[in-house]
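The next block holds one structure in the form of structure tokens; read it before the comments.
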Amino acid sequence: MCGIAGWISFERDLRVEQSTVDAMAETLNCRGPDDRGTWVVEHAALAHRRLAIIDLPGGHQPMSVDTPGGTVAMVYSGEVYNFGELRAELYGRGHRFATDSDTEVVLHGYLEWGEAVAERLNGMYAFAIWDSRTDALVMIRDRMGIKPFYYYETRDGVLFGSEPKAILANPIAESTVTMDGIRELFAFVKTPGHAVWDGMREVEPGTVVTVSRTGLRMHRYWTLQTRPHTDDRDTSVTHVRELLDDIVRRQLVADVPRCTLLSGGLDSSAMTGIAAEQLAEVGETVRTFAVDLVGQTEHFVADELRGTPDTPYVHDVARRSGTAHQDIVLDSDALADPAVRAKVIRARDIPMGLGDMDASLYLLFKAIRQHSTVALSGESADEVFGGYKQFFDPKAQQANTFPWLVQFAEHFGDESNIFTPEVTAGLNMDDYVQDSYDAAVSGIDRLDGESDFEWRMRKICYLHLTRFVRVLLDRKDRASMAVGLEVRVPFCDHRLVEYVYNTPWSLKTFDGKEKSLLRAATRDVLPQSVIDRVKSPYPSTQDPKYAVALQEHGKDLLGDPSHPVFGLVSADWLSRAVSVDTPQISQVSRRGLERTLDLALWMDMYNPTIKLSYLRPRFR
């Protein structure tokens, strides 16, 4: 796991731009604290920061191979879990290796198969290859978008990096955000390719982007496709378990200490149970970590989103699987600390406004990094197997919009009132979201004979797997890599995603509960309490001290009426939000305070140029 950056310029000599290339790489030092390297020729510069996971002494990058037609060089971030099989195949085709790293296997795979190497990879990855044989840069991202990858077209080439901050460190790139970027920040729809920063794009998941003297070309090598599902229930359950066993076994491979993230929910508990059994075969004990909040279990109050606290279930799993467990307990002072908020925003490059949930995730990972370098997460199982409340809400099922937005509106209200009236009018969020939804569902194929209800549920599953999950994957990657922790996501294995996506909804819910296939496939490794537990989202603090701290920070912000945040946020709204009695503060006001404080810190940190154009965007 690493950070990559680079600069391709077909008209200038980049050999005299080493300091700028180094500055781009330096922004990614948290992603790669173990090693650094650059490779620079006249028109191409590649930079790398390494977090050593496999073949600790042999995986230095950038990595290059000299061929009769010219040098091929690569910077690579991620893990390929089938690199052993690929290495053997390539060896049989005459390739020879100097290291035991998966990086070298991917590079030789490109030499053998070109861009089609992407179709052979199983894993999470973002890598860039400069091919001097054709004077072209090839950028490739994994199918699900687990690893981030951004690029910025210039007049004579392109800049790229694992994170926007690497690109923005180059003076060619402008740190500008238009109204379209503000819309994307607040819409929670994750438009494919959108990077918020004007002129910047994401390499879309499952996509190859090639940059040459003739311009930029995109090729999609993987999409989530509709296929008939012919397996019966028992066969489906068995196959899901077989896939999970293989996936977890592959993703436990590392030359550094590893652990699992345990929430006490079905997803992380199933993954932990399988990992514990597999490690026990070789005499090892799995380490587990869970986030907890001071007083949360003792004083927990059930609400519409969260019916139970996590900790009792976490401890049940730890006992059942015999894990070496540790709770990471956080208090409200830590969650509300502006310094922590700033670290989260710096990690994300944008103000996402998830408040205490972002802070606790970052602090959890920071604590874990003292013990482990690799962690397995249950992220994406809700999207794959159908676990969220909106999957079962008739209003969300029938809505002609993203189903999670229906749930957000019910539980958190409308947060657009934090803006000034002029910005609110210009955002035109309803049209933005509707255009995005229409574009998202236009690419879904319907099976012949598929019922109207199954068709609606297929669309909901598709939207979660191609839009919603990408927000959460990006959040988890940035928070973990900000402290040099590699988080792996077994439920994002494309084989599992493809198989379960095409199982009908009636099969996904055959026992009358959410995630029936996962529960049935892993029942043997779970305590009964977890088998019976209803889905509970990532925890959020219920301590009123947290809201008090938010209000105090909001009052401090109001003391500087010239702050640029008030070009977006209504000072009148903020004044009302900080004056409400804390016990009476609403979820929408609390979330609005988090949004406002994030925006203010982001502006202080990045000094973005905000261009408020009120033209309605188009997606097609």
Side-chain angles (χ1 to χ4, degrees), residues 229 231-252 259-281 284-288 290 306-325 376-389 391-392 457 461 488-493 495-538:
H229 184 82
D231 291 345
D232 62 18
R233 179 195 298 178
D234 289 344
T235 304
S236 298
V237 169
T238 299
H239 188 59
V240 166
R241 179 55 180 268
E242 290 171 346
L243 284 171
L244 288 173
D245 284 341
D246 180 67
I247 292 164
V248 172
R249 193 177 301 279
R250 289 176 183 274
Q251 297 198 20
L252 283 172
C259 65
T260 70
L261 307 178
L262 180 58
S263 71
L266 176 61
D267 317 333
S268 64
S269 300
M271 176 195 65
T272 296
I274 293 172
E277 284 198 344
Q278 292 181 356
L279 289 180
E281 294 171 2
E284 294 186 42
T285 299
V286 64
R287 294 203 65 160
T288 54
R306 299 172 180 87
T308 51
D310 285 345
T311 301
Y313 300 91
V314 167
H315 292 172
D316 284 351
V317 175
R319 284 191 294 269
R320 168 67 176 78
S321 295
T323 77
H325 180 73
L376 272 65
S377 166
E379 194 76 84
S380 83
D382 284 307
E383 290 81 3
V384 173
F385 290 97
Y388 293 116
K389 285 182 178 292
F391 281 97
F392 302 89
M457 298 313 299
C461 292
R488 299 177 177 179
V489 280
F491 292 107
C492 275
D493 186 292
R495 297 169 299 165
L496 181 69
V497 171
E498 291 172 344
Y499 185 79
V500 179
Y501 168 67
N502 282 300
T503 59
W505 184 250
S506 59
L507 190 50
K508 290 187 177 79
T509 56
F510 69 79
D511 64 359
K513 301 178 181 179
E514 76 278 4
K515 295 182 284 194
S516 304
L517 282 173
L518 178 59
R519 182 179 294 101
T522 59
R523 179 179 291 270
D524 62 303
V525 298
L526 298 171
Q528 190 63 43
S529 60
V530 172
I531 292 172
D532 296 336
R533 190 185 185 193
V534 176
K535 163 70 182 175
S536 183
Y538 185 88

Can you confirm whether Thr323 sits close enough to Ser321 that some side-chain heavy atom of one is under 4.5 Å from a side-chain heavy atom of the other? yes
Partners passing side chain to side chain donor-acceptor pair (under 3.5 Å) against Thr509 (at least two apart in sequence or in another chain): none
Once rounded to the nearest 0.5 Å, what's the spacing between atom CG of Asp493 and atom CD of Glu498? 9.0 Å
With sequence neighbours excluded, what pairs up with Arg319 under the salt bridge (charged side-chain N to carboxylate O under 4.0 Å, His left out) test? Asp316
Gap between atom CZ of Arg523 and atom CG of Leu518 - 0.5 Å precision: 11.0 Å
Measure the spacing between CD1 of Ile531 and CG of Asp511 and express it to the nearest 0.5 Å. 10.5 Å
Determine yes or no for a side-chain-to-main-chain donor-acceptor pair under 3.5 angstrom, with Arg233 supplying the side chain and Leu507 the backbone. no
Please identify each residue that fulfils side-chain contact (heavy atoms from CB on, under 4.5 Å) with Ala324, with sequence neighbours left out. Thr285, Arg287
When you compare the side chain of Ile247 with that of Arg495, does any pair of heavy atoms fall below 4.5 Å? yes
So CG of Leu261 and OG of Ser268: to nearest 0.5 Å the spacing works out to 8.0 Å
In Å, rounded to the nearest 0.5 Å, how long is the span from CG of Leu266 to OG1 of Thr522? 5.5 Å
Are any of the side-chain heavy atoms of Asp245 and Arg241 separated by less than 4.5 Å? yes
Under 4.5 Å between any side-chain heavy atoms of Tyr538 and Asp310, yes or no? no
Are Thr260 and Met271 side-chain neighbours, meaning at least one heavy-atom pair lies under 4.5 Å? yes
Given Glu277 and Thr272, is the side chain to side chain contact (heavy atoms under 4.5 Å, CB included) satisfied, shown in steps? CA-CA 9 Å; Glu277 284 198 344; Thr272 296; over 6 Å; no
Do Val500 and Phe491 come within less than 4.5 Å of each other through their side chains, counting heavy atoms only? no
Results of side-chain contact (heavy atoms from CB on, under 4.5 Å) for Arg249 - residues two or more places apart only: Gln278, Glu281
Under 4.5 Å between any side-chain heavy atoms of Ser263 and Tyr313, yes or no? no
Does Arg306 have any side-chain contact (heavy atoms from CB on, under 4.5 Å) partners at least two apart in sequence or in another chain, and if so, which? Phe300, Asp303, Met357, Ser536, Pro537, Ser540
Side chain to side chain donor-acceptor pair (under 3.5 Å) with Asp382: which residues, sequence neighbours excluded? Lys515, Lys535
Donor-acceptor check, side chain of Ser516 to backbone of Phe510, threshold 3.5 angstrom: yes or no? yes
Interatomic distance, Tyr388 atom OH to Glu383 atom CD [nearest 0.5 angstrom]: 3.5 Å
Do the side chains of Pro490 and Leu244 get nearer than 4.5 Å, heavy atoms only? no
Parallel under 30°, tilted from 30 to 60°, perpendicular over 60°: which one fits the rings of Phe392 and Trp505? tilted
Between His325 and Thr288, does any side-chain donor sit less than 3.5 Å from a side-chain acceptor? yes
Could you please spell out the steps behind the side chain to side chain contact (heavy atoms under 4.5 Å, CB included) verdict for Leu517 and Val237? CA-CA 6 Å; Leu517 282 173; Val237 169; 3.9 Å; yes
